[in-house]
Student: 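Below is a structure I'd like to ask you about.
Treat the numbers as computed from the prediction; the structure is a model and nothing was measured. The figures that follow rest on heavy atoms only: side chains count, while hydrogens, waters and symmetry mates do not.
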Amino acid sequence: METIVFDVGETITRDDRYWGSWADWLGIPRHTLSALVGAVVAEGRDNADALRLARPGIDVGAEYRAREAAGRGEHLDEGDLYDDVRPSLAALRSAGVRVVIAGNQTACAGELLRDLDLPADVIVTSGEWGVAKPQPEFFGRVLEVANAPADRTLYVGDHPANDVFPAKAAGLRVAHLRRGPWGHLWADDPEVVAAADWRIDSLSELIAIAEAASWDGRSH
């Protein structure tokens with residue numbers, strides 16, 4: 001395995017702050033918005049639909065810009081990272097694996113992630129590329145920055161529709177991470193099980209996967 005590419009939300013970072021800040025902005029209880037997120041996840045819908053259910057007719061883009069103007073925009077710090085992120089990414093780089101972070105986030109989120117000085121070779125977002133998952137063009141860009149053939153590139157993510165299926169369709173190897181609502185809810189779905197080359201509970205498992213794949217080039 002030459003390159004491992006990581007999704008961001010609920011793979012690298014927790015989404016707690018993201019949804020909590022939206023609930024505060026909309027003036028609704030955090031539990032209410034959390035429950036709505038769970039409902040749209042269970043239905044396989046766009047997670048932004050939770051905002052549309054909480055505030056019918058909302059223009060999400062306009063509200064995002066209003067939050068930024070009010071000084072209540074996006075924020076990321078060390079506390080938003082899952083505990084296994086830094087040690088796992090550092091170990092992979094030490095083993096000679098190219099580490100890329102590429103997810104569906106804004107350009108602002110890309111800047112915030114790079115400011116965290118993570119052990120990664122490339123950090124980029126859909127907002128910076130102008131194309132988002134699950135579009136095939138996103139994974140075409142992933143392969144450009146991976147600097148490796150598709151069958152030597154592993155994409156790691158929690159979301160079947162945004163990560164597992166489109167990455168597999170693009171010819172990449174795939175690890176489905178059981179983390180966050182999407183990862184847990186769809187962990188045992190037969191289509192996800194069939195599509196994923198690996199199913200993991202922690203990023204630390206990737207170290208052994210990368211080492212095994214470097215020996216024989218086959219999934220396990």
Student: Measure from the side-chain N and O atoms of S126 to the backbone N and O of Q105, and report whether any donor-acceptor pair falls under 3.5 Å.
Tutor: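 Yes: the side chain of S126 pairs with the backbone of Q105.
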
Student: Going by the rule side-chain contact (heavy atoms from CB on, under 4.5 Å), which residues pair with A62 if we only count those two or more places apart in sequence or in a different chain?
Tutor: D59, R65

Student: Does A195 have any side-chain contact (heavy atoms from CB on, under 4.5 Å) partners at least two apart in sequence or in another chain, and if so, which?
Tutor: V164, F165

Student: Under a 3.5 Å threshold, yes or no: a donor from one side chain and an acceptor from the other, between Y82 and E10?
Tutor: yes

Student: What residues form a side-chain contact (heavy atoms from CB on, under 4.5 Å) with D121, not counting sequence neighbours?
Tutor: R93, R98, V99

Student: Is any side-chain heavy atom of V142 closer than 4.5 Å to a side-chain heavy atom of W129?
Tutor: yes

Student: Are W198 and V156 close enough that some pair of their side-chain heavy atoms sits under 4.5 Å apart?
Tutor: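 Not touching, per the 4.5 Å side-chain cut-off.
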
Student: Do the side chain of H176 and the main chain of D158 share a donor and acceptor less than 3.5 angstrom apart?
Tutor: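 Present.
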
Student: Check for me, please, whether L26 and V37 land in the same ILVMFWY cluster - side-chain distances under 4.5 Å, paths through other members count.
Tutor: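 Yes, same cluster.
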
Student: Out of curiosity, does F6 fall in the hydrophobic cluster containing L76 (side-chain heavy atoms, cut-off under 4.5 Å, transitive links)?
Tutor: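 Cluster IDs for L76 and F6 match.
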
Student: What closest approach, in Å, do P160 and P166 show between heavy atoms, and which atom pair accounts for it?
Tutor: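 Between these two residues, the closest heavy atoms are O-CD, 3.7 Å.
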
Student: Can you confirm whether more than 12 heavy atoms, excluding those of E191, are under 6.0 Å from its CD atom?
Tutor: no

Student: Taking side chain to side chain donor-acceptor pair (under 3.5 Å) as the test, write out the residues that go with E63, two or more places apart.
Tutor: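 Partners of E63 under the side chain to side chain donor-acceptor pair (under 3.5 Å) test: W25.
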
Student: Below 4.0 angstrom, N of the basic side chain to O of the carboxylate: do K168 and D197 qualify?
Tutor: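 A salt bridge is present here (some side-chain N lies under 4.0 Å from a carboxylate O).
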
Student: Could you go through the side chain to side chain contact (heavy atoms under 4.5 Å, CB included) check for L92 and L203 one step at a time?
Tutor: CA-CA 10 Å; L92 288 168; L203 300 185; over 6 Å; no

Student: If I take atom CD1 from residue I58 and atom CG from residue L51, how far apart are they, to the nearest 0.5 angstrom?
Tutor: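 The CD1 atom of I58 sits 5.5 Å away from the CG atom of L51.
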
Student: Any chance you could measure L206, atom CG, to S88, atom OG, to the nearest 0.5 Å?
Tutor: 7.0 Å

Student: In sequence, state the C-alpha distance, the side-chain angles, and the governing distance for R86 and L118, and then conclude on side chain to side chain contact (heavy atoms under 4.5 Å, CB included).
Tutor: CA-CA 7 Å; R86 283 194 183 276; L118 293 166; 4.0 Å; yes

Student: How about M1 and E211: do any of their side-chain heavy atoms sit closer than 4.5 Å?
Tutor: no

Student: Where is the tightest heavy-atom contact between V60 and W22, given as atom of each residue plus distance?
Tutor: O-CH2, 4.1 Å

Student: Of all residues at least two apart in sequence or in a different chain, which pass the ring-ring contact (aromatic ring centres under 6.0 Å, His included) check with H159?
Tutor: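 Counting only residues at least two positions away or on another chain, H159 forms a ring-ring contact (aromatic ring centres under 6.0 Å, His included) with W182.
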
Student: Looking only at the side chains, is there a donor atom on one of E74 and T106 sitting less than 3.5 Å from an acceptor on the other?
Tutor: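 Side-chain D/A pair, E74 to T106: present.
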
Student: So do the side chains of N104 and N162 get within less than 4.5 Å of each other, counting heavy atoms only?
Tutor: yes

Student: ring-ring contact (aromatic ring centres under 6.0 Å, His included) with F139: which residues, sequence neighbours excluded?
Tutor: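 For F139 the ring-ring contact (aromatic ring centres under 6.0 Å, His included) partners, ignoring immediate neighbours, are Y155.
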
Student: Start with the C-alpha distance between E111 and R114, add both sets of side-chain angles, then the distance that settles salt bridge (Lys or Arg N to Asp or Glu O under 4.0 Å), and finish with yes or no.
Tutor: CA-CA 5 Å; E111 295 176 3; R114 287 187 287 272; 5.3 Å; no

Student: Going by side-chain contact (heavy atoms from CB on, under 4.5 Å), name the residues that satisfy it together with E2, two or more places apart in sequence or in a different chain.
Tutor: A148, P149, R152

Student: Does the D46 side chain pair with the main chain of D49, one donor and one acceptor, at a distance under 3.5 Å?
Tutor: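 No; zero donor-acceptor contacts below 3.5 Å.
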
Student: Determine, step by step, whether I209 and I200 satisfy the side chain to side chain contact (heavy atoms under 4.5 Å, CB included) criterion, reporting the C-alpha distance in whole Å, the side-chain angles of both residues, the deciding distance to 0.1 Å, and the verdict.
Tutor: CA-CA 10 Å; I209 289 172; I200 61 176; 3.9 Å; yes

Student: With hydrophobic residues grouped by side-chain heavy-atom distances under 4.5 Å, do V124 and V8 end up in a single group?
Tutor: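 Per the 4.5 Å side-chain linkage, V124 and V8 are not co-clustered.
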
Student: So, for A146 and T3, which heavy atoms are closest and what is the spacing to 0.1 Å?
Tutor: O-OG1, 2.8 Å

Student: Taking all heavy atoms of A102 and all of V5, pick out the closest pair and write down the distance.
Tutor: CB-CG1, 4.0 Å

Student: Between S202 and E205 (side chain of the first, backbone of the second, donor and acceptor by atom type, cut-off under 3.5 Å), is there such a pair?
Tutor: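 Side chain of S202 to backbone of E205, a donor-acceptor pair under 3.5 Å: no, none is there.
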
Student: Going by salt bridge (Lys or Arg N to Asp or Glu O under 4.0 Å), D24 matches just one of R30, R17, R72. Which one?
Tutor: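 Only one of R30, R17, R72 forms a salt bridge (Lys or Arg N to Asp or Glu O under 4.0 Å) with D24, namely R30.
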
Student: Taking only residues two or more places apart in sequence, or in another chain, which ones meet D188 in a side chain to side chain donor-acceptor pair (under 3.5 Å)?
Tutor: R199

Student: On a heavy-atom basis, which atom in V85 and which in T11 lie closest, and how many Å separate them?
Tutor: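 That closest heavy-atom pairing would be CG2-O, 4.3 Å.
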
Student: How is the hydrophobic cluster of V193 composed, in terms of its other members, when Ile, Leu, Val, Met, Phe, Trp and Tyr link through side-chain heavy atoms under 4.5 Å apart, directly or indirectly?
Tutor: none

Student: Does the salt bridge (Lys or Arg N to Asp or Glu O under 4.0 Å) test come out yes or no for R14 and D80, once each step is laid out?
Tutor: CA-CA 5 Å; R14 298 177 178 85; D80 295 302; over 6 Å; no

Student: For A90 and P119, work out which heavy atoms get closest and say how close.
Tutor: N-CG, 3.7 Å

Student: Given side chains that start at C-beta, do those of I4 and V100 come closer than 4.5 Å, heavy atoms only?
Tutor: no

Student: According to side chain to side chain donor-acceptor pair (under 3.5 Å), does anything in residues 32-43 pair up with another residue at least two apart or in another chain? List the pairs.
Tutor: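 Pairs touching residues 32-43 that pass the test: E43-R45.
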
Student: Decide yes or no for I101 and V122: does some side-chain heavy atom of the first lie under 4.5 Å from some side-chain heavy atom of the second?
Tutor: no

Student: Among the clusters formed by ILVMFWY side chains lying less than 4.5 Å apart, do L154 and L177 turn up in the same one?
Tutor: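 They do share one cluster, since a chain of ILVMFWY contacts under 4.5 Å joins L154 to L177.
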
Student: In the structure I gave you, are the side-chain heavy atoms of Y64 and C108 within less than 4.5 Å of one another anywhere?
Tutor: yes

Student: Considering residues at least two apart in sequence or located in another chain, which fulfil the side chain to side chain donor-acceptor pair (under 3.5 Å) criterion with S21?
Tutor: R67

Student: Side chains of I12 and D7: does their closest heavy-atom pair fall under 4.5 Å?
Tutor: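 Counting from C-beta outward, I12 and D7 never come under 4.5 Å.
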
Student: What pairs with R178 under side chain to side chain donor-acceptor pair (under 3.5 Å), at least two apart in sequence or on another chain?
Tutor: D201

Student: If the threshold is 4.0 Å, N to carboxylate O, is there a salt bridge linking D84 and R179?
Tutor: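 Salt bridge flag = yes for R179 with D84.
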
